[in-house]
Amino acid sequence: LFTGFEVMAGIRADYTRYFNHANFNQTVYDELGLRTDNVISTFQLQPRVQFTWDVNDKHQDIIRLGAGIFGSDLNNYSMINNMLFDGTKVASVDIQKISTINMNSKDARVPVVYKLNASYTHFFSDRLRVGISAYANWARHNYMYVDRNMVDEPYFRIAAEGNRGVFVPAESINTKNGATDWMQGRKSDKVGRVLELISDGKINQYAFVVDGTWRYFKDGELSFSYTWNDSKDNTSYNGNVANTATLALMVKDDPRDLSTMTYSDNQFRHKVVFYGTAPSFWGISVGLRFSGIGGTRYSLA
């Protein structure tokens, strides 16, 4: 746009469709009012832009600012499972002869990430560079499965454990080992678990990075970076088998409640990376890399 200042902008359009879809399961519809033949609309427009300013066109101070919307592809494994396990083709059957059904919610969407980044880089010379960067990412409409054949309200609550709800009758719990029978917590005894793919997952991630590179002799080089990170979500489920969504989400009460944002399973606070290479000799380059990470979350779960 003017000397040293460049803008790159664009828009991407994605559309994906499966020509096949799950069969309509009349029993699930009669019992729970859910359609197993829902499909996901996948058309997405994804604009993005980046500004780069070489201050005074001296190649010493570079400022960048970028933003964009980035869409996900369909989760192919989940889509195929939802077509296959509609209760009319094949079934995963346990010893009680109850099948698990996978399905898409009528409101399911493809995940999308809103990204924002800014950086400043200073070249002290053609051999020494230092930079600082900031990143923000907001993911919305992320995948999650919830059991729709589970009673709406708990049968009782445990006051000594934060008023935690229990979704099976107290008399059905094994008094010797505390084992529960999930089938006692169903809305309908004509179908098993009905795992519905929804789009209520959210992730907020922020990071600041300081890094530098020094070419100290010939082509020998030293690089260093430090990252401060913060990642929170309402579910850390990352796709594929539906059962892993319900097993991975450790909550004290209703596993269908995604209203609380807390630290992600992928959270870390600090990361340090050091990378160095010796000047090459006889066409051979020798390098060493160290990566250290800390501040991951710990829980008994």
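Worth knowing before you read on, the calculation uses all heavy atoms, side chains too, and leaves out hydrogens, waters and symmetry mates. Just so we're clear, the structure is a prediction, and the values are computed from it rather than from any experiment.
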Within the structure provided, determine whether [X] and [Y] are in side-chain contact (heavy-atom separation under 4.5 Å).
X    : Y    : answer
S280 : K218 : no
Y226 : K271 : no
W53  : F2   : yes
M150 : F167 : yes
K115 : N117 : no
S105 : L197 : no
V194 : T100 : no
Y135 : V209 : yes

Name the one of D54, T121, V55, T52 that satisfies side-chain contact (heavy atoms from CB on, under 4.5 Å) with I63?
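Exactly one candidate clears the test, V55.
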Do the numbers put R64 on top of the ring of Y120, so that NZ or CZ is under 6.0 Å from the six-membered ring centre and no more than 45° off the axis?
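That pair does not qualify as a cation-pi contact.
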Between [X] and [Y], is there a shared hydrophobic cluster once you connect ILVMFWY residues whose side-chain heavy atoms come closer than 4.5 Å?
X    : Y    : value
I11  : Y15  : yes
V166 : Y155 : yes
I101 : L195 : no
M83  : F19  : no
W214 : F124 : yes

Short side-chain donor-acceptor distance under 3.5 Å, [Y] and [X]:
X    : Y    : value
E31  : S188 : yes
H122 : D61  : yes
N104 : E196 : no
Q205 : D230 : no
T88  : N25  : no
Y145 : N82  : yes
N142 : R109 : no
S231 : D233 : no
R269 : Y263 : yes

How about [X]: does its [atom1] atom have over 12 heavy atoms from other parts shown lying under 6.0 Å from it?
X    : atom1 : answer
N76  : CG    : yes
F217 : CZ    : no
Y77  : OH    : no
E6   : CD    : no

Classify the ring geometry of W138 against Y206: parallel below 30°, tilted from 30° to 60°, perpendicular beyond 60°.
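Geometry flag for Y206 against W138: perpendicular rings.
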Between N163 and I158, is the side chain to side chain contact (heavy atoms under 4.5 Å, CB included) condition met? List the steps.
CA-CA 5 Å; N163 211 32; I158 304 176; over 6 Å; no
Going through the checks in order, is the side chain to side chain contact (heavy atoms under 4.5 Å, CB included) test met by V191 and T27?
CA-CA 8 Å; V191 290; T27 302; 3.9 Å; yes
What distance separates [X] [atom1] from [Y] [atom2], expressed to the nearest 0.5 Å?
X    : Y    : atom1 : atom2 : answer
D37  : D86  : CG    : CG    : 9.0 Å
Y29  : L34  : OH    : CG    : 9.5 Å
K232 : N266 : NZ    : CG    : 15.0 Å
I62  : R129 : CD1   : CZ    : 11.0 Å
L258 : M144 : CG    : CE    : 5.5 Å
F208 : T227 : CZ    : OG1   : 11.5 Å

Quick check: does any side chain N or O of [X] sit under 3.5 Å from a backbone N or O of [Y], one acting as donor and the other as acceptor?
X    : Y    : answer
R256 : V146 : no
N149 : G192 : yes
R12  : G10  : no
T36  : N23  : yes
Q46  : F70  : no
R164 : E161 : no
R48  : I69  : yes

For the student: nearest non-hydrogen atoms of [X] and [Y], plus distance:
X    : Y    : value
G4   : D57  : CA-OD1, 4.0 Å
Q267 : R297 : CG-CG, 3.6 Å
S225 : D211 : CB-CB, 3.6 Å
N234 : K202 : OD1-N, 2.8 Å
R35  : N38  : O-ND2, 3.1 Å
A278 : Y216 : CA-OH, 3.4 Å

So L222 and F274, side chain to side chain contact (heavy atoms under 4.5 Å, CB included) or not? Walk me through it.
CA-CA 8 Å; L222 299 176; F274 171 83; 3.9 Å; yes
Run the side chain to side chain contact (heavy atoms under 4.5 Å, CB included) check on F24 and Q26 step by step: do they pass?
CA-CA 6 Å; F24 175 73; Q26 187 67 51; 3.0 Å; yes
With the threshold set at 4.0 Å, does a side-chain nitrogen-carboxylate oxygen contact exist between R193 and D147?
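Here R193 pairs with D147 in a salt bridge, since their nearest N and O are under 4.0 Å apart.
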Less than 4.0 Å between a side-chain N and a carboxylate O, is that true for D30 and K190?
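So K190 does not pair with D30 through a salt bridge.
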